[in-house]
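What follows is a set of notes on a single structure, which appears directly below.
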Amino acid sequence: MKLLIVILGAFVASLPRSVAAGTASLLGFAVCALMRRRRAMMLRNLLCCFPEKTERERRAIALESCRRMIEMGMFVLASPHFSRERILRNFSVDEKKIAELLAGNGPMVVAVPHFSLMESLTMIPLLYPPLAQRKIGIFYRPFDNPAIERWVKTTRERWGCRLLSRKKGLTQALSFLHENGLVCVLPDQGTGAHRGALSLFFGRVATCSELAGSLAHGHPGTRTVVAWCEREGFWRGKVCAEEIAPAGTGRDEINFSVNRWIERRLASSDSACADWLWMHDRWKGMKYFNLEHRRNRLAETLRFLGLEKLPKKKKIFVRLPNWLGDVVMALPLVAALRKARPDAEITLVARAHFLPMLERLSCADKFAALPAKSSGLGYWLACRKLLAAASPEVFVLFTNSLRGDAEARLSGAPLRCGMVREGHPRPLLTRTWRVPADLDLTKNHQTLVWARWLRESCGLLLAPDFSPLKLSASAQTGVPVPAAEAERRTVVGLICGTENSPEKRWPVARWRELISLLLAAFPQAEIRLFGTAKDAAITAQVAVGTDAARVIDRAGKTNLPDYMGELGSCRVVCGNDTGGLHLANMLGVPVVGVFGPTNPVRTGPIFDAPRKILQPENCPPTGGAPIEGVPARRVFDAAAEFLKP
């Protein structure tokens with residue numbers, strides 16, 4: 001391998017400059033065109049950092065960055081074969097500035113950002129002879145191959161610099177500083193989950209190297225300098241340097257100041273921006289749904305920047321289920337996600353009729369209504385226009401359908417997360433969690449299964465909070481009554497229908513019997529029949545022959561926010577296994593659920609509010625019996641417990 005590298009490097013070094021430059025340009029174009037994922041990463045990074053630039057400008061920067069990345073790779077191979085004269089002919093230094101920096105004759109930590117010709121700094125003793133009198137150490141990552149390792153050290157150290165291993169070079173670096181030497185470090189971002197510290201880079205949470213600050217802070221009197229090669233053409237440049245003047249002498253202030261310098265440099269011009277390695281994932285390790293890290297410097301970063309809270313730069317889309325009950329069961333996990341990632345802008349993607357409810361609950365930062373459901377091309381075009389325009393980075397799916405997966409794919413989100421059940425592959429997702437064989441879905445609540453998926457697959461460590469949610473003060477009951485009468489009144493809500501599965505509906509005769517028992521036992525009781533427009537036929541049958549002043553049919557007469565307001569005014573709500581029952585439970589209203597064929601262990605109300613689940617006698621806890629097996633007297637007795645003063 002070493003021989004191949006040496007031969008290839010000699011060949012590249014022998015190429016005429018125009019040929020080498022043309023080769024780098026062609027290879028850079030090929031990399032940008034063919035490496036689609038890397039190109040997408042560059043464009044996302046540029047969009048996150050420079051949203052004010054046009055798409056055309058960002059694409060031009062990405063293409064140029066690819067070309068300069070190839071130029072850097074070719075330079076790494078070819079520069080060991082450059083003669084002294086060739087180096088001096090093509091590279092220079094800003095002598096005035098460097099002389100000023102060296103005038104103090106003290107130790108310096110030199111931060112070398114990841115620009116294209118950064119390797120030229122190993123030649124600095126040749127380019128500026130006074131530096132040959134100072135010890136210069138450069139941190140690098142050692143190679144596992146001994147032959148390549150020896151070749152790298154020999155070629156990089158030939159002008160007087162010394163390479164310092166990231167693993168073992170700290171002691172030697174400190175000795176260099178003690179002797180008024182220079183130590184060069186890479187102020188890296190995206191160092192991963194086990195290195196660096198959490199900080200902000202371009203306003204986004206990233207793991208950033210602390211080495212520069214640690215070295216400068218650990219050796220009093222050490223100055224911090226940023227050095228880079230100002231590119232003047234292909235394999236041509238001028239080495240420049242600038243002292244960092246941090247707001248304090250602490251390790252954090254030094255590291256934050258270096259990152260701010262890089263941000264300003266990249267924003268200074270498109271050429272400087274393209275000179276950086278955008279293909280590297282600078283926010284690596286921040287894809288997971290928590291900010292847990294062994295070193296967290298976010299509070300210190302906010303103070304340094306004068307900010308009160310983290311900017312919401314990370315974009316996470318959450319595709320909610322299509323049924324009301326499932327939406328309600330997913331909301332505790334949405335709340336946990338918001339709490340775990342305060343730096344994220346959470347957008348809930350849902351069917352249009354759910355949005356007024358979600359907005360009333362203030363359970364996300366933004367809301368996106370899906371187009372009207374259809375199988376035509378127009379639906380998918382509208383989805384792409386709606387979702388892709390926001391450029392989400394993460395798409396979390398609580399749905400299990402191919403349609404939902406296709407919506408996520410059209411959004412362009414690089415990270416698309418979902419569960420995989422046996423026999424239902426999800427090839428359009430990028431991170432899946434297969435339900436373990438030992439997890440019995442019939443004996444675990446759906447919300448807790450979702451919580452395990454998000455914890456094990458996406459690192460959402462916060463447990464869901466099942467405290468009832470509060471409506472805004474603007475929520476109305478829909479049936480205004482005088483205050484004095486409202487104090488005397490006992491409102492009982494009955495949800496008699498279901499959107500689907502007729503077998504889940506308690507018989508009309510049972511509802512009528514329950515109403516008779518309630519009206520007889522509670523003279524001040526008012527019964528409200530709730531449901532959708534599709535349930536109106538059922539509630540009309542239930543209300544036939546009852547006292548119209550005390551039994552009010554509200555089915556199909558409320559929108560979702562008003563429905564929530566009216567449910568919230570009830571003393572108790574009795575209902576089938578349907579979304580309204582979950583909604584009342586979410587609002588903290590006591591509920592009595594009548595279950596038969598369906599499984600309350602898996603899909604029952606889960607919020608921490610009073611609730612009773614009734615099933616037919618001898619019915620298994622996981623359901624499976626006809627619902628008519630629940631007598632009206634049992635439902636009345638359960639409701640009466642909540643209606644007692």
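Quantities reported herein were computed from a predicted structural model and do not represent experimental measurements.
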Between the side chain of [X] and the main-chain N/O of [Y], is any donor-acceptor distance below 3.5 Å?
{"X": "Arg426", "Y": "Val420", "value": "no"}
{"X": "Asn290", "Y": "Ala340", "value": "no"}
{"X": "Asp326", "Y": "Asn322", "value": "no"}
{"X": "Arg550", "Y": "Pro523", "value": "yes"}
{"X": "Asp535", "Y": "Thr532", "value": "yes"}
{"X": "Ser501", "Y": "Lys504", "value": "no"}
{"X": "Arg44", "Y": "Met42", "value": "no"}
{"X": "His445", "Y": "Met329", "value": "no"}
{"X": "Arg602", "Y": "Thr442", "value": "no"}
{"X": "Arg416", "Y": "Ala413", "value": "yes"}

Is the shortest side-chain N to carboxylate O distance from [X] to [Y] below 4.0 Å?
{"X": "Lys314", "Y": "Glu345", "value": "no"}
{"X": "Arg58", "Y": "Glu55", "value": "yes"}
{"X": "Lys312", "Y": "Asp365", "value": "yes"}

Distance to the ring centre below 6.0 angstrom and angle to the axis at most 45 degrees; does that hold for Arg360 and Phe354? no

Report yes or no: is the cationic atom of Arg403 (NZ for Lys, CZ for Arg) under 6.0 Å from the centre of the six-membered ring of Tyr379, at an angle within 45° of the ring normal?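 Yes, Arg403 lies over the aromatic ring of Tyr379.
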
List the steps, then state whether side-chain contact (heavy atoms from CB on, under 4.5 Å) holds for Glu292 with Leu461. CA-CA 9 Å; Glu292 295 291 327; Leu461 304 180; 3.5 Å; yes

Rounded to the nearest 0.5 Å, how far does [atom2] of [Y] lie from [atom1] of [X]?
{"X": "Ile552", "Y": "Leu529", "atom1": "CD1", "atom2": "CG", "value": "9.0 Å"}
{"X": "Leu514", "Y": "Arg634", "atom1": "CG", "atom2": "CZ", "value": "13.0 Å"}
{"X": "Leu494", "Y": "Ile527", "atom1": "CG", "atom2": "CD1", "value": "5.5 Å"}
{"X": "Asn296", "Y": "Leu198", "atom1": "CG", "atom2": "CG", "value": "4.5 Å"}
{"X": "Leu415", "Y": "Cys458", "atom1": "CG", "atom2": "SG", "value": "6.5 Å"}
{"X": "Lys313", "Y": "Cys49", "atom1": "NZ", "atom2": "SG", "value": "7.5 Å"}

Distance-only side-chain donor-acceptor flag, [X] / [Y], under 3.5 Å:
{"X": "Asn400", "Y": "Arg421", "result": "yes"}
{"X": "Thr539", "Y": "Asp553", "result": "yes"}
{"X": "Thr578", "Y": "Asn576", "result": "no"}
{"X": "Glu628", "Y": "Trp506", "result": "no"}
{"X": "Thr598", "Y": "Asp577", "result": "yes"}
{"X": "Thr498", "Y": "Arg505", "result": "yes"}

Would you please test Gln615 and Asn618 for side-chain contact (heavy atoms from CB on, under 4.5 Å) and show each step? CA-CA 8 Å; Gln615 295 176 281; Asn618 299 322; over 6 Å; no

Between Phe50 and Phe202 (judged by ring centroids, cut-off 6.0 Å), do the two rings come close enough to count as a pair?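 Yes, the ring of Phe50 comes within the 6.0 Å limit of the ring of Phe202, centre to centre.
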
Between Phe398 and Trp453, is the gap from one ring center to the other below 6.0 Å? yes

With side chains defined as the heavy atoms from C-beta onward, is the minimum distance between [X] and [Y] less than 4.5 Å?
{"X": "Ile495", "Y": "Cys574", "answer": "no"}
{"X": "Arg512", "Y": "Arg510", "answer": "no"}
{"X": "Leu387", "Y": "Leu410", "answer": "no"}
{"X": "Cys383", "Y": "Pro371", "answer": "yes"}

Heavy atoms from other residues, nucleotides or ligands near [atom1] of [X] exceed 12 (cutoff 6.0 Å):
{"X": "His353", "atom1": "NE2", "answer": "yes"}
{"X": "Glu52", "atom1": "CD", "answer": "yes"}
{"X": "Arg384", "atom1": "CZ", "answer": "no"}

Leu587 vs Phe607, side-chain contact (heavy atoms from CB on, under 4.5 Å): CA-CA, chis, key distance, verdict: CA-CA 9 Å; Leu587 297 171; Phe607 282 85; over 6 Å; no

Arg452/Trp450 under side-chain contact (heavy atoms from CB on, under 4.5 Å): CA gap, chis, key distance, verdict: CA-CA 5 Å; Arg452 180 173 172 181; Trp450 281 335; over 6 Å; no

Can you give me the closest heavy-atom contact between Val591 and Pro605, atom names plus distance? CG2-CG, 4.4 Å

So if I apply the salt bridge (charged side-chain N to carboxylate O under 4.0 Å, His left out) rule between Glu393 and each of Lys315, Arg341, Arg204, which one comes out positive?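 Result: among Lys315, Arg341, Arg204, Arg204 is the only option passing the salt bridge (charged side-chain N to carboxylate O under 4.0 Å, His left out) with Glu393.
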
Do the rings of Phe317 and Phe395 sit parallel, tilted or perpendicular, given the 30° and 60° boundaries?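 If you compare the ring of Phe317 with that of Phe395, the planes turn out tilted.
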
